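Throughout, a chain's letter reflects where its sequence line sits, starting with A, and its residues are numbered from 1. None of the values given here were measured: they were computed from a predicted structure.
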Amino acid sequence: MELLVASGVGVMTAAGVYLLLRARTFPVIIGIALLSYAVNTFLFATGRLATNLPPVISDSANGYTDPLPQALVLTAIVISFGMTAVIVVLALRAYLEAGSDEVDTAEGERPGTGSSGDGAGTGGGAA
Amino acid sequence: MTLAWIVLLPFIGAALPGLLIRAGRDACALTTGSVTLLALVLLLTQAPAVFAGEVIQARWEWLPWLGLNVTFFLDGLGFFFAGLILGIGLLIIIYARYYLSKDDPMGQFYAYLLLFQGAMVGIVLSDNILLLLVFWELTSLSSFLLIGYWKHLPAGRQGARMALAVTGMGGLSMIAGMLILGNIAGSYDLTVILQHGAEIQASPWYLPALLLILGGCFTKSAQFPFHFWLPHAMAAPTPVSAYLHSATMVKAGIFLMARMWPVLAGTEAWFYIVATTGLATMAIGAWIALFKDDLKGLLAHSTVSHLGLVTMLLGFGTPMAAIAGVFHILNHATFKCALFMTAGIVDHEAGTRDARRLGGLAALMPITATIATLAAFSMAGLPFFNGFLSKEMMLHEAAHTPWAGNPWILPAMATLGAVFSVAYSFRYVFHVFFGPRRDDYPQHPHDPPAGMYLPPAFLVVLVVLIGLVPALAQPLVTVVAGAVVGGPLPEFHLAIWHGVTLALGLSAVAVAGGAFLLWRHAVFNKLRLALPRPEAKTMFDALVNGLAAFSNLLIDGLHNGSLRRYLAFFVTATLAVGVTAFMSGEHAAGLRAPMPAPLVPILGWLLLVGACIAIVFFHRNRLLTLVIIGVMGLILSIAFIYLSAPDLALTQISVEVVTVVLLLLALNFLPKETPRESSMLRRLRDGTLAVFSGLGVGGLIYLIMTRDFTSISEYHLAQSKPGGGGTNVVNVILVDFRGFDTFGEIIVLGIAALAIYALLDGALHGPAARRLNSWIPDQERAKDRHPLMMVVATRVMLPLALVVGIFIFLRGHNEPGGGFIAGLVVSIAFLMQYMASGFGWAERRMKIDYHAMIAWGVLLAGFTGVGAWLAGRPFLTSDYGYFKLPLLEKFELATVMGFDIGVFLTVVGSVMLALANLSRLARRTEEPVSDEPMDFKPVPEEEEIAPDAGLSADVATQTGERS
């Protein structure tokens with residue numbers, strides 16, 4: 001069982017790192033999401049694995065698994081959602097501003113908006 | 001306490017000139033002078049004790065655990081140097097008042113000067129070597145400001161930079177040396193270190209410490225081969241040159257060598273390094289000085305030469321040589337400062353300080369000429385001037401010290417240096433003040449106002465007085481040399497006449513040779529021009545440029561602006577650090593019994609790994625990627641359930657839904673495909689990094705899981721019910737034991753949501769808005785955007801979902817659930833309305849201000865914590881009790897409930913704020929707001945049913961909305 005969890009974490013990490021190094025923003029975001037999965041599972045697993053021992057106090061329980069990593073991972077899941085949301089919106093805004101979703105602009109700034117939005121530029125009163 | 005005041009006064013006083021310059025230049029100079037005078041008077045009140053041989057100490061603890069304390073001590077050496085610094089400082093302040101022009105910011109000048117003065121006094125009075133190092137660096141910094149005072153002159157800026165680079169580098173070397181020294185002696189207090197001389201010299205660390213400390217001293221005191229910065233620092237105003245290069249900054253290195261003399265001197269290494277460096281510096285400096293046409297350049301190189309002389313004397317390591325060195329420090333300070341001031345007067349009044357354009361000034365400015373001549377004769381070492389006395393002693397010591405078994409090399413070289421010294425001193429007098437009068441001076445030369453010639457005149461009086469009655473200086477030299485040597489002194493008498501000695505003969509040779517050199521100056525100048533002349537500034541610039549080019553190369557290689565490259569470096573570095581840490585640690589054996597793996601988990605594992613592989617291979621199809629991500633999240637939730645983490649499973653699955661919806665909304669505007677761009681090589685590199693990262697992380701967690709451990713969780717499990725009032729330990733940890741963590745996390749979540757709002761709100765203006773307005777969907781839209789079944793189902797489910805949310809929230813303290821999960825569930829319930837009925841329809845009915853919701857959530861959580869204060873307990877301490885209401889069972893209420901409501905509100909607010917703002921973008925582009933309960937307009941029965949009713953209704957709304 002440990003081997004399954006460990007290899008799962010490893011495979012998710014590897015896929016996450018690979019996607020992290022891609023040239024467009026969307027795969028990078030997916031890569032970060034995968035890394036979040038991997039890290040959360042990693043942290044959870046530091047409390048060791050146990051089945052049928054949920055950390056809910058009751059008289060009939062045979063014992064409890066370690067609750068502390070679970071509490072930490074619970075907030076980590078929510079925070080990684082917040083992080084994913086921010087970077088996805090960041091990527092979206094960057095794409096809307098620059099017209100490109102490339103990660104690198106090392107070769108120089110791409111031409112900005114071009115002529116596409118010139119006509120409708122003033123009609124910004126919607127919503 | 002007096003000692004501290006002596007050091008602090010200049011620092012405190014440094015604030016005054018900048019303020020008082022508004023009251024005029026006189027008031028400014030007067031204040032500055034008073035500050036220095038006060039410090040000097042305080043110092044002189046200590047004189048009786050110092051001359052009685054006492055060591056005055058003052059001590060305050062500052063950072064005792066670092067060994068850094070504010071400790072001062074005053075003995076003969078410290079008194080002597082502090083007196084020089086403050087006394088000459090006072091003269092310089094008077095001189096500068098008349099030297100600086102109206103355009104120069106005088107307030108700045110005096111402020112820098114006082115800062116520098118304070119730092120110098122700090123060096124000579126510090127007892128703690130770490131404190132001394134602080135002051136040492138302060139002198140480097142404040143001298144940088146002083147040398148570069150004329151900011152408009154490129155030479156001034158370059159000179160200041162060079163001085164800072166060289167002395168700063170020396171300062172670093174000094175820090176290392178001092179730390180070693182402190183470690184050997186077991187204390188950073190000088191008074192203690194000075195007691196441990198034998199121990200330090202026997203230590204194997206003696207030589208490294210010596211070299212490092214000398215590195216600091218030699219750079220500061222401009223010893224060969226670090227002498228080049230000093231002449232370039234001459235770009236400073238003359239008062240600065242006079243102050244820094246006669247009595248203070250360059251003497252700091254000498255001071256330190258004298259201070260450390262009992263500890264470091266006396267060994268072979270000391271003799272050969274220090275004496276040889278001093279000798280070489282003395283000869284080379286004097287030779288260059290002879291041919292400098294710039295008067296200040298001449299004096300600068302002469303200063304280098306004289307510093308070499310003192311260094312050599314200290315290097316000899318004998319008490320007699322130390323006495324001679326101390327005496328020469330005093331004499332050099334008096335005549336050199338006077339000479340710098342006269343050079344400044346000549347520059348000021350004649351308009352140039354180029355010896356080739358001067359001459360015959362004696363008749364035009366007789367007072368200046370007299371002062372300069374007397375001081376220069378002292379520098380030359382003529383009898384009846386104080387320079388003669390110490391030079392005599394130097395020659396005597398050199399004549400009696402063999403170098404590597406050779407008895408004549410030291411006296412020969414020393415005499416050669418003296419010959420040059422006589423020659424340049426004479427040149428300063430005869431080529432400037434004597435000779436034919438010229439008619440092409442840039443300005444009409446005349447004597448300066450009294451304020452400018454009185455300070456050098458005072459010094460020259462000292463020069464002559466000590467020269468005629470050397471016994472006057474005897475007590476001072478005795479007490480200072482005693483402090484340097486740190487032991488009994490041999491019998492000595494400062495006198496003009498010691499009989500016909502070898503030193504006297506050498507002196508005569510020097511005077512004769514010097515006169516001859518000057519007579520044949522042009523011939524020797526040709527000889528010099530024929531010799532190779534390494535230009536230190538070019539070499540220094542080349543070195544600096546080389547270093548800068550190397551840094552640029554390194555930076556360009558690492559930071560070329562490509563984020564992908566940074567990430568690759570980051571991953572590689574993380575891997576390297578992890579592997580190194582793992583390899584260098586010790587590891588326990590994996591004794592924990594492994595769990596069996598039944599068939600179902602293996603199936604789940606296959607799905608997960610398959611999903612990962614699929615995502616790598618199909619990541620260019622972005623929609624497919626999102627589907628796979630959903631699969632992975634689901635498997636993880638199931639895994640959490642299986643591995644006894646029901647709370648995590650609930651959180652994971654609800655977060656998963658929200659995340660995928662968010663990504664889908666964003667993907668609406670992004671390209672749906674990722675182009676194939678990376679080269680094979682790049683993919684191979686990334687793949688390799690990825691595989692190693694995976695192996696590292698997977699391997700690590702496997703090793704962790706196969707080892708047993710101890711946890712602090714026992715406490716949480718035991719205290720959950722009695723202490724926290726809940727049976728769901730995870731929830732109790734979240735809202736109680738580690739409530740402060742959770743409080744921080746909901747704040748982060750709220751900030752993230754606000755950041756998203758800011759980012760998206762900004763997209764409604766500027767280029768992004770133009771792009772949105774002209775948006776053309778890149779995919780065909782569904783004709784039936786809001787399917788009837790879905791609309792009805794979600795609306796029916798909304799109250800149910802809300803009830804489920806409340807249920808999950810309420811049971812959270814005792815069963816899996818809680819604020820986080822309930823918040824996510826409720827968010828999803830709302831989200832479904834957005835998806836099914838359209839953003840516009842839902843938004844009109846959701847009259848909730850999400851910003852306020854986040855704020856209330858955080859505030860409520862905070863207030864719950866603060867409530868504990870009212871009960872006199874720490875922040876976020878919880879309380880609970882059981883209550884009975886009619887018709888209901890006994891139930892529990894805990895204060896953490898308020899906290900959990902805060903969590904709930906923040907989560908709902910954050911999620912909804914993020915999604916609602918994404919939807920605003922969508923509405924901007926295409927979504928018409930439908931006023932009807934659903935897009936399909938329910939057609940009344942009496943009306944004729946058009947074949948494409950739904951579509952036309954849609955179009956109608958659309959046009960209505962747009963107009």
Tell me, side chain or backbone of B/E656 under 4.5 Å from chain A's heavy atoms, or both, or neither?
side chain

Side chain, backbone, both or neither: which part of B/P594 has a heavy atom under 4.5 Å from chain A?
both

Tell me, out of A/L68, A/V9, A/L90, who's got the most heavy-atom pairs with chain B below 4.5 Å.
A/L68

Any non-hydrogen side-chain atom of A/P27 less than 4.5 Å from a side-chain atom of B/R622?
yes

Just so I understand: if I count every heavy-atom pair under 4.5 Å between each of A/L72, A/L92, A/I57 and chain B, which residue has the most?
A/I57

Atom OH of B/Y642: over 12 foreign heavy atoms under 6.0 Å
yes

For the CZ atom on B/F709, are there more than 12 heavy atoms of other groups (residues, nucleotides or ligands in this structure) within a distance under 6.0 Å?
yes

Identify the two heavy atoms, one from B/M632 and one from B/C612, that lie closest to each other, and give their separation to 0.1 Å.
CE-SG, 3.5 Å

Between A/M1, A/R48, A/E2, which residue shows the highest count of heavy-atom pairs closer than 4.5 Å to chain B?
A/R48

Toward chain A, the part of B/V658 with a non-hydrogen atom under 4.5 Å
both

Identify which of A/P54, A/G82, A/P67 forms the greatest number of heavy-atom pairs closer than 4.5 Å to chain B.
A/P67

Based on non-hydrogen pairs under 4.5 Å, which of B/V907, B/I615, B/V748 is most in contact with chain A?
B/I615

Tell me, which pairs form a ring-ring contact (aromatic ring centres under 6.0 Å, His included) where one or both residues lie in residues 5-43 of chain A, sequence neighbours left out?
none

For B/Y715, does the OH atom have more than 12 heavy-atom neighbours from other residues, nucleotides or ligands under 6.0 Å away?
no

Among B/V691, B/V729, B/D647, B/I613, which residue has the highest count of heavy-atom pairs closer than 4.5 Å to chain A?
B/V729

I'd like to know if the side chain of B/H619 and the backbone of B/V616 have a donor-acceptor N/O pair within less than 3.5 Å.
yes

Does anything in residues 77-100 of chain A form a ring-ring contact (aromatic ring centres under 6.0 Å, His included)? List the pairs, not counting sequence neighbours.
none

Choice from A/T84, A/V39, A/L34 maximising heavy atom contacts with chain B below 4.5 Å:
A/L34

Just so I understand: if I count every heavy-atom pair under 4.5 Å between each of B/L662, B/L670, B/T674 and chain A, which residue has the most?
B/L670

Which one of A/T65, A/V5, A/D66, A/L3 has the most heavy-atom pairs closer than 4.5 Å to chain B?
A/D66

